[in-house]
Amino acid sequence: MNGQTRLGARPYPYESMLANPQALDRLDVEFRWGSYGIRMLKFHHTSFPPGKIAHFHKHSDYEFHFIPRGKGKVILGNDPFSLHEGMMYLTGPGLMHYQEADAFEAMDELCLHIDIHRLEDGLAGADDWGARWERAEADSCIHLLEQLPARPVMDTYRAMECFLTAYRAWHDNQPGVMTVIKQSIIQILLRMTRAYETMPQQELPSRDMKHYRYQLAVQFIKDNYMAPLTLEIVAERVQISARQLQRIFREQTGGTFSEYIEQVRLMHICTELAASDATIDQIAFQNGFSSANYLHYVFKKKLGTTPMQYRLHNAQRS
DNA sequence: CAGGCTAGATATTACAAGTG
DNA sequence: CACTTGTAATATCTAGCCTG
């Protein structure tokens with residue numbers, strides 16, 4: 001029966017895995033997720049013929065079981081549960097369990113068996129590029145796994161589809177197959193813990209919006225200081241009102257928006273005065289000043305000297 | 001927290017004129 | 001010619017106040 005599409009039944013979504021149900025078991029997959037090292041031991045499709053029994057046993061690792069088709073029963077510790085299509089359960093380290101297919105109907109199973117161990121922290125740059133959030137998410141998920149109740153539930157978030165995703169990546173020799181397998185495993189862990197909903201969702205990382213907008217504005221100014229920039233143009237870029245942008249600059253710099261732009265422009269102008277032969281007119285235009293005489297006015301006001309005098313004292317040219 | 005309005009302050013422009 | 005300074009008119013910005 002197994003391995004064949006039953007006449008009149010809808011197509012079996014995991015049919016393609018039956019060609020090589022244990023293919024992924026041959027791959028030596030291990031990866032880091034947050035602070036954890038995860039090693040894949042089994043990642044396969046298996047079938048229990050009618051009446052087949054797997055007697056009581058346990059593992060020192062985590063085994064994720066999914067029932068894509070058929071029915072049967074499982075005993076977790078001392079508690080018996082009936083199983084049917086679409087259910088899943090976890091057998092954590094040390095949990096004694098017993099599985100049995102229905103006397104008259106086969107039961108298929110998708111099984112992921114992994115070893116999870118905590119890795120040493122203290123890597124340089126361990127908080128860079130989102131590592132902190134990945135660590136927090138992995139911590140939270142694995143903490144939930146450790147406390148998951150020993151009872152089957154429906155696979156509400158379709159974790160078992162990840163078996164197919166991983167299998168296809170291997171079968172089609174997709175680019176990045178190991179990454180796909182890693183992501184599939186992580187998804188299975190996340191979706192399973194979510195289905196039990198034993199704990200409130202962790203709060204998502206949120207930005208300090210004021211600082212974030214300030215940074216956006218600053219970056220925009222640094223990229224475009226050579227063009228005419230007004231408060232309104234920058235505010236539009238950052239998608240806030242001009243008034244709010246003013247407030248943000250006051251808060252983040254202690255100064256004003258125009259003081260900031262002026263500072264950026266003058267910094268570039270000083271560098272160019274010292275390093276290039278361009279006329280002051282040219283330098284003024286290239287740095288967002290619409291005329292040289294206005295540059296003179298601003299330059300003298302801020303630096304107490306004229307552009308030409310500054311050039312004479314700071315020339316780096318030979 | 002964020003946007004709109006406002007008076008007063010400040011920045012910017014356009015132009016003229018002086019210097020070496 | 002390149003640079004500098006000054007002035008008046010105009011544009012833009014700032015910060016307080018109010019509102020949702």
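A, B, ... follow the sequence lines: proteins, then strands. Residue 1 opens every chain.
Between A:L273 and A:I280, some side-chain heavy-atom pair lies under the 4.5 Å cut-off.
Phosphate contact (OP1/OP2 of C:dT5, side-chain N/O of A:K300, threshold under 4.0 Å): present. At the phosphate of C:dC13, neither OP1 nor OP2 sits under 4.0 Å from any side-chain N or O atom of A:Q246. Between A:T279 and C:dA2 there is no side-chain polar atom (N or O) within less than 4.0 angstrom of OP1 or OP2.
Considering only the side chain of A:S258, C:dC13 comes nearest among C:dC13, B:dA2, C:dT5. Comparing atom distances between the A:K301 side chain and each of C:dT5, B:dA11, C:dC3 picks out B:dA11 as nearest. With C:dT4, C:dT14, B:dG3 as the choices, the nucleotide that has an atom nearest any side-chain atom of A:M308 turns out to be C:dT4. Of the candidate nucleotides B:dG3, C:dC13, C:dT4, B:dG3 has the atom lying nearest to any side-chain atom of A:I240. Of the listed nucleotides (C:dT4, C:dT14, C:dC3), C:dT4 has the atom at the smallest distance from the side chain of A:P307. Among the nucleotides B:dG4, C:dC13, C:dC3, the one closest to any side-chain atom of A:R243 is B:dG4.
Rounded to whole Å, atom C1' of C:dA2 lies 12 Å from atom CD1 of A:I283. When rounded to the nearest whole Å, the span between CD of A:Q309 and C1' of C:dA2 equals 15 Å.
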Are A:Y260 and A:Q252 close enough, and set up right, to give a side-chain hydrogen bond (donor to acceptor under 3.5 Å, both in side chains), and what steps lead you there?
CA-CA 11 Å; A:Y260 183 84; A:Q252 302 282 324; over 6 Å; no

List the steps and the verdict of side-chain contact (heavy atoms from CB on, under 4.5 Å) for A:M178 and A:V29.
CA-CA 7 Å; A:M178 294 302 258; A:V29 176; 3.7 Å; yes

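Residue-level contact check: A:Y297 touches the bases, meaning some heavy atom is under 4.0 Å from a base atom.
For a distance-only test at 3.5 Å, the side chain of A:R247 qualifies as a donor-acceptor partner of the base of B:dG3.
No cation-pi contact links A:R69 to A:Y14, judged by a cut-off of 6.0 Å to the six-membered ring centre and 45° from its axis.
When each of A:D281 and A:L229 is assigned the nucleotide of DNA chain C with its nearest heavy atom, A:D281 is the one assigned upstream, toward the 5' end.
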